[in-house]
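Keep in mind that what you see is a predicted model, and the values were worked out from it rather than measured. Each chain gets a letter, A, B and so on, in the order the sequences are listed, and its residues count up from 1.
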Protein chains: 2
Amino acid sequence: MEEDKLVCAENCPHINKINKVKEREPKADEYAKLSNMFKLFSDETRLKIICSLLKEELCVCDLCELLNLNQSQVSHQLQLLRNSKLVKFRREGKQIFYSLNDEHVELIIQMALDHILEEEEKNELL
Amino acid sequence: MEEDKLVCAENCPHINKINKVKEREPKADEYAKLSNMFKLFSDETRLKIICSLLKEELCVCDLCELLNLNQSQVSHQLQLLRNSKLVKFRREGKQIFYSLNDEHVELIIQMALDHILEEEEKNELL
DNA sequence: CAATCATATGAACAAATATTCATATGATAT
DNA sequence: ATATCATATGAATATTTGTTCATATGATTG
């Protein structure tokens, strides 16, 4: 998987820069958790589910209807979101209502939207 | 890909909620851009590259050395980051120096780190 | 201008992820 | 207790994504 030989040993690697980065980079397990978190946002279906739950507590078939997805698809994705504690849920009779479990999610998405909007503005200046 | 029949048509879908969500959800192309953006953060190798560039402008073999990856791997991942304009680069002789192209990136990662830390705190309370 | 260095790229393969279909579960109503 | 409804889950398949290996490119140096 990983190589251990240097690519351009003599002149290239800028050791002081590298050390500077190493000093304050996230820890190994933080990288893992971060990428897992972003993985949840990286599938469009899941992202739509997340964004929907941002505004309202919804049951599974609300999500099916809203996003025009079949029930299995929604349930599978919700399972992933549940496993990583991104959503919480409560049963009410036969239905199960899902909602978001964290306030950071909205901020993260908002930040990413800001980024996208800025990109679009840049492109319009061409 | 997608189903068009309702799952539980009579009683279940909460139409007013659904409409409320629909009113202010991101547009189709925004969803696509958002998920593509998060996809870039979702691979651990790429995330490490991004986090490294957060602090310092680095050349390809700095990244190889720092992250213990082979050159091809790094270049391929950098290509993805370039294509979506997340990084910029400049040539200096034989070397090519990469750096981040956007300030939102740091905020997004910081936000996600905050989320993770909060999760950890919650778990310690058990 | 040939050799070398740093990086990029294409194609083949491997691994991870999403979707589907069939079926299971657990709650309610009859 | 049986039927039905809303949701969950397992396994098979399809799709996407990452890694590797071989090779190409473009700049520099002798």
Side-chain angles (χ1 to χ4, degrees), chain A residues 1-14 32 35-36 38-50 57-84 87-98, chain B residues 1-14 32 35-49 57-84 87-98:
Chain A
M1 302 276 129
E2 290 175 22
E3 289 275 303
D4 48 357
K5 77 156 188 285
L6 290 185
V7 177
C8 45
E10 307 107 70
N11 31 7
C12 184
H14 304 84
S35 72
N36 282 333
F38 288 124
K39 213 163 282 173
L40 293 173
F41 291 79
S42 72
D43 174 74
E44 210 173 320
T45 297
R46 232 162 19 229
L47 185 65
K48 283 178 183 172
I49 292 176
I50 293 170
E57 183 193 55
L58 296 168
C59 71
V60 176
C61 62
D62 286 340
L63 287 166
C64 294
E65 168 70 3
L66 180 59
L67 305 176
N68 201 240
L69 299 166
N70 63 49
Q71 181 265 317
S72 181
Q73 229 176 329
V74 171
S75 280
H76 276 295
Q77 298 301 175
L78 283 171
Q79 187 180 44
L80 292 175
L81 297 175
R82 263 187 286 129
N83 288 345
S84 31
V87 298
K88 55 179 183 289
F89 57 99
R90 65 184 179 86
R91 172 156 238 147
E92 194 179 303
K94 283 180 258 175
Q95 295 173 201
I96 297 184
F97 286 88
Y98 283 85
Chain B
M1 300 276 131
E2 291 175 22
E3 289 275 303
D4 47 355
K5 77 155 188 285
L6 291 185
V7 177
C8 45
E10 309 108 69
N11 31 9
C12 183
H14 303 83
S35 72
N36 283 334
M37 162 139 210
F38 288 124
K39 213 164 280 173
L40 293 172
F41 292 79
S42 73
D43 174 74
E44 210 173 318
T45 296
R46 233 161 22 227
L47 185 66
K48 283 178 182 173
I49 292 176
E57 184 193 54
L58 295 168
C59 72
V60 176
C61 62
D62 287 338
L63 287 166
C64 294
E65 168 71 2
L66 180 60
L67 304 176
N68 201 240
L69 299 166
N70 63 50
Q71 182 265 318
S72 181
Q73 227 176 330
V74 171
S75 280
H76 276 295
Q77 297 302 174
L78 283 172
Q79 188 180 43
L80 293 175
L81 297 175
R82 262 187 288 129
N83 288 346
S84 31
V87 299
K88 55 179 184 293
F89 57 99
R90 64 185 179 86
R91 171 155 238 146
E92 195 181 302
K94 282 180 259 176
Q95 295 173 199
I96 296 184
F97 286 87
Y98 282 86

Starting from the 5' end of DNA chain C, give me the residue, Asp43(A) or Gly93(A), whose nearest nucleotide shows up first.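 First, find each residue's nearest nucleotide; the 5'-ward one identifies Asp43(A).
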Relative to the 5' end of DNA chain C, which residue comes earlier, Thr45(A) or Phe97(B), by the nucleotide with the nearest heavy atom?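 It is Phe97(B), whose closest nucleotide lies nearer the 5' terminus.
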Rounding to a whole Å, what distance do you find between [X]:[atom1] and [N]:[atom2]?
| X | N | atom1 | atom2 | answer |
| --- | --- | --- | --- | --- |
| Leu67(A) | dT19(C) | CG | C1' | 15 Å |
| Gln77(B) | dT7(C) | CD | P | 16 Å |
| Leu80(A) | dA18(C) | CG | P | 6 Å |
| Leu58(A) | dA6(D) | CG | C1' | 15 Å |
| Lys39(A) | dT17(D) | NZ | P | 12 Å |
| Arg90(A) | dA27(C) | CZ | P | 15 Å |
| Lys48(B) | dT19(D) | NZ | P | 11 Å |
| Glu44(A) | dT17(D) | CD | P | 11 Å |

Using a 4.0 Å heavy-atom cut-off, write out nucleotides 8-13 of chain D from 5' to 3' as B (base contacted by protein), S (sugar-phosphate only) or - (no contact). BBBB--
Work out which heavy atom in Val74(A) is nearest to a heavy atom in Cys64(A); give both atom names and the distance.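 Heavy atoms only, the tightest pair is CG2-SG, 3.8 Å.
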Over all atoms of both residues, closest heavy-atom pair of Leu80(A) and Leu40(A): O-CD2, 4.2 Å
Heavy atoms from C-beta onward define the side chain here; which of dT20(D), dT20(C), dA27(C) lies closest to that of Gln73(B)? dT20(D)
Measuring to OP1 and OP2 of dT19(D), would you say a side-chain N or O of Asn70(B) lies under 4.0 angstrom away?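 Negative; the distance criterion is not met.
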Any side-chain N or O of Arg46(B) less than 4.0 Å from the OP1 or OP2 oxygen of dG18(D)? yes
Strictly distance-based, threshold 3.5 Å: is any side-chain N or O of Arg91(B) a donor or acceptor partner for the main-chain N or O of Gly93(B)?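 Pair found, side chain donor or acceptor close to backbone of Gly93(B).
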Counting N and O atoms only, with roles assigned by atom type, does the side chain of Arg46(B) sit under 3.5 Å from a partner on the main chain of Leu81(B), one being a donor and the other an acceptor?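 Not confirmed, Arg46(B) side chain does not pair with Leu81(B) backbone.
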Are Ile49(A) and Leu78(A) close enough that some pair of their side-chain heavy atoms sits under 4.5 Å apart? yes
Candidates Gln95(B), Lys94(B), Arg90(B) - the one meeting side chain to side chain donor-acceptor pair (under 3.5 Å) with Glu92(B):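 Answer after filtering Gln95(B), Lys94(B), Arg90(B): Arg90(B).
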Is the Phe38(B) ring parallel, tilted or perpendicular to the Phe41(A) ring (thresholds 30°, 60°)?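 Ring orientation, 0 to 90° scale: tilted.
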